[in-house]
Amino acid sequence: MAATRKQYPFDLIEPKWRQFWLDNKTFRASDGGSKPKFYILDMFPYPSGAGLHVGHPEGYTATDILARYKRMRGFNVLHPMGWDAFGLPAEQYAIETGTHPAATTRKNIATFRRQIQMLGFSYDWNREVDTTDPDYFKWTQWIFLQIFKKGLAYESEVPVWWCEGCKAVLANEEVSGGVCDRKGHTNVVRRPLRQWVLKITAYADRLLEDLKLVDWSEAIKEMQRNWIGRSEGAEVKFQIADLKSEITVFTTRPDTLFGATYMVLAPEHPLVEKVTTVAQRAAVSAYREAATKKSELDRTDLAKEKTGVFIGGYAINPVNNEKIPIWVADYVMMGYGTGAIMAVPAHDTRDLEFAQKFNLPVIIVVQAPAGQESIGFVGDGVSVNSGLITGLPTPEAKKKITAWLEERGLGKKAINYKLRDWLFSRQRYWGEPIPVVHCNKCGVVPLPESALPLTLPEMHDYTPPASAEPPLAKATDWVKTTCPKCGGPATRETNTMPQWAGSCWYYLRFIDPKNPQAFVAKDKEKYWMPVDLYVGGAEHAVLHLLYSRFWHKVLYDLGHVSTPEPFMKLVNQGMILGEDGQKMSKSRGNVINPDDVVADFGADSFRLYEMFMGPLEASKPWSTKGIEGVNRFLGRVWRLFVDEKAQQDFELAVAAGTPGEQALAGVKLSPAIKDAVPTPEQLKLLHATIKAVTDDLDAMGFNTAISRMMEFVNEATRWVAAGQPLPRKAAEPFVLLLAPFAPHVCEQLWTMLGYTQSLAYEPWPGYDAALLVAKEVEVVLQVNGKVRDRIRVAAGLPQAELEKLAHANEKVVQHTAGKTVRKVVVVPDKLVNIVAA
RNA sequence: GCCGGCGUGGCGGAAUGGCAGACGCGGCGGACUCAAAAUCCGCUUCUCGCAAGGGAGUGGGGGUUCAAGUCCCUCCGCCGGCACCA
């Protein structure tokens with residue numbers, strides 16, 4: 001590309017307008033006014049050292065187009081950008097090189113800001129936030145204190161995932177199958193550690209329930225539902241034979257209680273020790289030890305074959321007083337329900353597999369519907385062999401047996417969630433310090449608000465102590481403090497917050513980014529919230545969105561925010577793959593760098609291409625040929641508008657060394673653009689284009705909107721080639737339509753059209769529906785559903801008239817000859833279908 | 001295994017149950033040019049045919065309908081999520 005001629009001088013146009021927008025603060029949003037508000041948000045990026053990736057601008061371009069469109073439609077638009085800048089890579093880099101993470105972060109942010117600004121996004125840069133800025137994380141800490149004071153933060157000894165590779169504790173969500181999600185390390189082990197945990201489970205029901213308030217894709221809602229994993233059932237107590245203890249199990253199928261033929265405890269279950277008989281002791285301890293080791297390695301590998309050991313003890317089934325054996329098996333997890341189950345092999349796939357392997361009895365207690373085998377049937381049927389519930393369909397049987405248990409104090413209705421409390425502390429340096437101290441006298445004491453922000457101490461050595469203590473433990477001067485309550489000696493908390501913390505509430509700070517009195521002023525919050533549209537990658541479908549909804553609800557309960565949900569509409573952009581159709585990665589060598597693309601084709605082409613590739617939500621491969629195509633389109637637009645002679649002069653001038661700005665100013669409007677009256681044909685095309693682009697934008701159909709504009713340009717080029725003028729009344733609205741997509745070149749064209757102000761707030765063109773009504777239409781004539789001819793007729797012809805025309809048509813006659821007409825279907829202005837046999 | 005989503009030309013992708021393949025890429029042909037590039041114009045689902053014209057066609061099979069890429073059933077494949085959740 002470098003050697004070939006540019007389609008148009010984007011290299012001069014684009015920097016000029018970017019500077020103009022920054023200098024004039026064109027996109028500053030005011031916190032109020034008479035216009036309706038529209039808050040359109042991108043998921044802010046982690047500014048990595050690798051710089052911007054072509055995947056980032058996809059969502060950013062989509063939101064930018066909508067932000068610009070909404071401004072033109074008269075909305076007061078809030079469209080901000082910032083940096084989710086705490087995180088491990090900067091800390092790793094610090095460990096390797098001694099560079100302070102803050103310095104690395106500053107540098108990376110500068111790169112990201114430059115690259116994002118290079119694309120001409122209409123962010124209100126006065127609202128930029130950075131999660132590592134003490135003025136920002138002061139409020140992250142403040143919110144933590146509100147959560148703490150509400151009793152939703154607690155300390156707990158938690159067996160955590162410790163990654164030997166990262167030298168760091170990972171959240172459950174960061175480990176999959178014993179492998180570290182961040183870097184792919186495989187040496188991840190469990191160790192118990194004192195941790196801060198947030199009680200997100202207290203909000204499980206509302207997080208689930210309120211999904212119906214938001215306009216998100218069903219797929220994402222479903223993912224959240226699955227993650228929360230609510231299931232209704234009962235807790236049932238089983239007496240242990242010859243012991244005073246009892247085992248409580250959780251089951252979703254209390255109706256199958258009569259079919260329970262054994263019980264299983266998780267290997268970690270505290271009762272295992274107590275119930276194991278002397279004879280079984282050796283076997284049980286060996287099994288438990290093996291299970292722990294396995295769980296340290298790769299749990300998913302266990303999914304193959306069931307294992308377990310009989311522990312010697314028996315339990316009494318409360319419904320029929322049968323003695324059933326108690327086993328220990330690792331297919332029961334300590335972390336879910338009560339860590340113990342009643343096994344009903346006839347109606348649970350896992351129990352059946354286990355029972356078959358160990359020859360345990362299988363008793364049918366649910367009759368499957370006709371034609372289905374009852375053994376292994378896990379759906380709803382009719383209870384059999386089940387005493388008082390025999391003969392009842394499953395839902396009623398559940399209700400009745402639960403009530404029966406409840407009356408006798410043997411059990412109760414219960415609800416369980418897969419969702420666990422949120423492990424909130426990290427043993428890292430580069431995160432928000434948790435603003436509490438540990439006092440020997442007073443215990444855990446929150447810092448007073450006046451002590452915020454609690455900043456990180458300067459350190460030279462960021463390596464964690466081998467003890468798995470956080471690196472902050474090494475900053476002894478910082479750690480030593482006094483208790484805010486009793487004034488006695490105390491130590492600071494050395495854990496820091498996870499990266500999720502800062503991103504849990506950034507959308508609120510954008511509303512009031514510099515407020516020193518509050519995390520957000522009440523009136524501004526009320527004006528801007530909720531976020532009308534939130535766009536980001538699907539990788540945050542569960543965690544980020546769940547955590548931030550949780551914080552938002554806590555703030556809502558405390559009266560700090562006015563809406564129960566933060567994000568009204570959510571859209572996930574798809575991934576951009578490499579030209580080979582594979583995920584972009586350095587190792588594959590298929591990474592496209594936005595800097596190169598912008599240098600070759602300009603930001604407008606880059607934006608336009610990212611939108612033209614396909615639907616926003618789909619994954620699609622990058623194509624260099626494709627971007628050449630849209631670049632060509634913008635070239636056609638340019639040539640449609642500029643005077644050919646002036647363009648040649650411009651090129652000569654630039655070649656001769658005239659400063660670009662001056663040369664550009666000499667480029668004049670094409671003489672074909674005149675104050676002429678548009679022809680009916682031109683008007684029709686213009687209005688059809690306006691309607692299509694408007695409708696497509698409202699539906700976020702960016703790719704099809706661009707197609708429509710291409711069609712307009714193709715047609716308009718033909719007019720001009722044929723010597724027709726391009727009336728201003730058609731040219732100007734077109735520039736406005738294209739402006740949200742390719743703002744730089746459109747601003748330039750707008751200037752050439754004689755305007756002295758930015759087009760950013762020009763009213764969006766309207767269309768006249770009456771102009772779209774065709775006078776003549778093409779009607780398809782079908783015989784037995786096959787197209788045989790097309791005829792042009794006046795629009796609005798009555799059905800009988802159309803039918804008559806069809807019967808008279810030569811081609812139709814050919815295909816109906818010798819047949820009897822059975823039926824005729826007429827769709828006015830569209831088609832006639834003659835059914836004949 | 002379970003839950004989502006998706007299968008349309010050589011490629012990216014369009015199509016409120018009513019003309020499948022808009023738009024772009026690529027390809028072919030033409031104009032301009034000494035020539036090339038750039039640009040402009042035309043053609044381009046496959047197949048039979050010199051043509052006129054015919055036939056087939058939206059992952060496979062079945063169904064509903066005058067009419068199905070679109071709705072229903074079933075199977076296959078790909079992508080994403082969860083994964084012994086009791």
Side-chain angles (χ1 to χ4, degrees), chain A residues 3-7 176-177 217-227 229-231 233 249-253 256 264 266 299-300 302-304 306 329-333 335-344 347-351 353-354 378 416-420 538-539 541-542 572 574-575 579 581 609 612-615 617-630 632-633 635-636 639 644 692 701 703-711 714 717-718 721 778-787 789-790 811 822-827 829-836:
Chain A
T4 58
R5 187 176 142 189
K6 286 191 174 65
Q7 284 281 339
S176 53
S217 73
E218 212 30 61
I220 298 287
K221 286 192 189 185
E222 197 56 28
M223 278 197 226
Q224 293 226 336
R225 285 190 204 108
N226 289 339
W227 194 265
R230 183 183 199 272
S231 60
V249 302
F250 173 74
T251 177
T252 54
R253 293 300 299 269
T256 61
V264 183
R299 291 186 91 96
T300 53
L302 305 178
K304 304 275 149 57
K306 295 274 181 293
D330 64 7
Y331 81 92
V332 173
M333 307 286 139
Y336 184 77
T338 61
I341 62 156
M342 63 173 203
V344 184
H347 307 295
D348 182 285
T349 318
R350 297 148 303 180
D351 296 346
E353 203 186 311
F354 191 82
V378 298
N416 246 294
Y417 300 94
K418 281 205 285 187
L419 184 69
R420 305 299 154 77
E539 67 273 20
V542 178
N572 292 115
M575 215 180 339
E579 293 215 61
Y609 177 61
F612 186 64
M613 291 169 83
E617 301 194 58
S619 290
K620 53 244 156 188
W622 183 268
S623 154
T624 298
K625 287 290 179 194
I627 192 169
E628 283 172 17
V630 293
R632 229 161 6 232
F633 163 66
R636 282 164 72 86
R639 289 188 294 276
E644 219 176 311
N703 54 333
T704 45
I706 295 165
S707 302
R708 296 308 291 252
M709 291 188 281
M710 287 175 168
E711 287 179 272
N714 289 345
T717 303
R718 259 173 235 130
E778 190 178 75
V779 171
V780 171
L781 304 182
Q782 296 182 332
V783 177
N784 292 331
K786 286 196 174 176
V787 180
D789 205 1
R790 293 143 216 256
K811 301 260 179 58
R822 304 270 184 215
K823 188 173 182 177
V824 179
V825 181
V826 181
V827 182
D829 289 347
K830 282 241 166 94
L831 127 175
V832 180
N833 187 14
I834 296 171
V835 186

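Computed from heavy atoms alone, side chains included, the values below leave out hydrogens, waters and symmetry copies. Worth saying up front: this structure is predicted, and the values here are computed from it rather than measured.
- Rounded to the nearest 0.5 Å, atoms CZ (A/Arg253) and OG (A/Ser231) are 12.5 Å apart.
- Taking atom CD of A/Gln7 as the reference point, atom P of B/A38 lies 9 Å away to the nearest angstrom.
- Taking atom NZ of residue A/Lys811 and atom P of nucleotide B/A52, one finds them 12 Å apart after rounding to whole Å.
- Rounded to the nearest 0.5 Å, atoms CG (A/Asn226) and NZ (A/Lys418) are 5.5 Å apart.
- For the pair A/Met342 and A/Val787, both in contact range of RNA chain B, the more 5′-proximal nearest nucleotide belongs to A/Val787.
- One can place OH of A/Tyr331 at 16 Å from C1' of B/G1, the figure rounded to the nearest angstrom.
- Looking at A/Ile341 and A/Asp351, their side chains come closer than 4.5 Å, going by heavy atoms from C-beta outward.
- Nucleic acid contact for A/Lys620: sugar-phosphate only, since backbone atoms but no base atoms lie under 4.0 Å from a heavy atom of the residue.
- Rounded to whole Å, the C1' atom of B/C76 lies 10 Å from the corresponding atom of B/G61.
- Residue A/Thr704 places its side chain closer to B/A15 than to any other of B/A15, B/A56, B/G81.
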Look for any protein N or O under 3.5 Å of an N or O in nucleotides 2-11 of chain B and output each such pair with its distance, or none.
none

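- Atom C1' of B/G9 sits at a distance of 13 Å from the matching atom of B/C25, rounded to the whole Å.
- Both the sub-6.0 Å distance and the 45° axial angle are not jointly satisfied by A/Lys306 relative to the ring of A/Phe354.
- Within the 4.0 angstrom heavy-atom criterion, only backbone atoms of the sugar-phosphate kind lie near A/Lys786; the bases stay farther away.
- Using C1' as the reference atom, B/C66 and B/G12 are 36 Å apart when rounded to the nearest Å.
- Of the candidate nucleotides B/A86, B/U16, B/C84, B/U16 has the atom nearest to the side chain of A/Lys830.
- Side-chain atoms of A/Lys786 never come within 3.5 Å of backbone atoms of A/Asn784 as a donor-acceptor pair (strictly under, hydrogens ignored).
- Out of B/C82, B/A86, B/G81, the shortest distance to the side chain of A/Val332 is found at B/A86.
- The backbone N or O of A/Gly785 lies less than 3.5 Å from a partner atom in the side chain of A/Asn833, making a donor-acceptor pair.
- Distances shorter than 4.0 Å separate none of the side-chain N or O atoms of A/Gln224 from OP1 or OP2 on B/G81.
- To the nearest 0.5 Å, atoms CZ (A/Arg225) and CG (A/Leu419) are separated by 15.0 Å.
- A/Ser619 comes within 4.0 angstrom of the backbone, heavy atoms only, and of no base.
- Base pairing of B/G80 is made with B/C3, judged by Watson-Crick or G-U wobble geometry with both donor-acceptor distances under 3.5 Å.
- Distance, A/Met223 CE to B/G81 P: 7 Å, rounded to whole Å.
- Residues A/Arg639 and A/Gln7 have side chains that bring a donor and an acceptor to within less than 3.5 angstrom of each other.
- Spacing of C1' atoms, B/C6 relative to B/U70, comes out at 14 Å, to the nearest Å.
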- Heavy-atom contacts, protein to nucleotides 61-70 of chain B, under 4.0 Å, summarised as B (base), S (sugar-phosphate only) or - (none) per nt, yield -----B----

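- One P atom belongs to B/G24, the other to B/U39, and the distance between them is 13 Å to the nearest Å.
- Looking at the side chain of A/Met333, the nearest of the listed nucleotides B/G55, B/A86, B/G42 is B/A86.
- For the C1' atoms, the distance from B/C3 to B/A56 is 38 Å, rounded to whole Å.
- Counting non-hydrogen atoms under 4.0 angstrom, A/Asn703 reaches the backbone sugars and phosphates but no base.
- Comparing the P positions of B/G42 and B/C23 gives a spacing of 11 Å, expressed to the nearest Å.
- No side-chain donor-acceptor contact under 3.5 Å links A/Asn416 and A/Arg230.
- Atom CG of A/Leu419 is separated from atom P of B/A83 by 12 Å (rounded to the nearest Å).
- In terms of heavy atoms, A/Gln224 sits closest to A/Val542 at NE2-O, 3.6 Å.
- Both A/Gly614 and A/Ala340 sit near RNA chain B, but only A/Gly614 has its closest nucleotide nearer the 5' end.
- Here A/Ser231 lies in heavy-atom contact (under 4.0 Å) with sugar-phosphate atoms only.
- With both ends at atom C1', the span from B/A67 to B/C78 equals 31 Å, rounded to whole Å.
- The glycosidic torsion of B/G30 lies more than 90° away from 0, placing the base in the anti range.
- Between A/Tyr609 and A/Trp622, the ring planes are perpendicular. Angles over 60° get that label, and only those under 30° would be called parallel.
- With a cut-off of 3.5 Å on both Watson-Crick or G-U wobble distances, the partner of B/C46 is given as B/G55.
- Judged by distance alone, the side chain of A/Asp348 and the main-chain N or O of A/Val378 form no donor-acceptor pair under 3.5 Å.
- If you check the side chains of A/Glu579 and A/Ser623, you find no donor sitting under 3.5 Å from an acceptor.
- Counting only heavy atoms from C-beta on, A/Arg639 has its side chain closest to B/U39 among B/C41, B/A20, B/U39.
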Using a cut-off of under 3.5 Å, enumerate the N/O to N/O pairs linking the protein to nucleotides 23-29 of chain B.
residue, atom, partner, partner atom, Å
B/G24, OP1, A/Asn714, ND2, 3.1
B/C25, OP1, A/Arg632, NE, 3.2
B/C25, OP1, A/Arg632, NH2, 2.8
B/G26, OP2, A/Arg632, NH2, 3.4

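- Taking atom CE of residue A/Met575 and atom P of nucleotide B/C78, one finds them 17 Å apart after rounding to whole Å.
- Considering every non-hydrogen atom in both A/Tyr331 and A/Ala343, the closest pair reads OH-CB, 4.4 Å.
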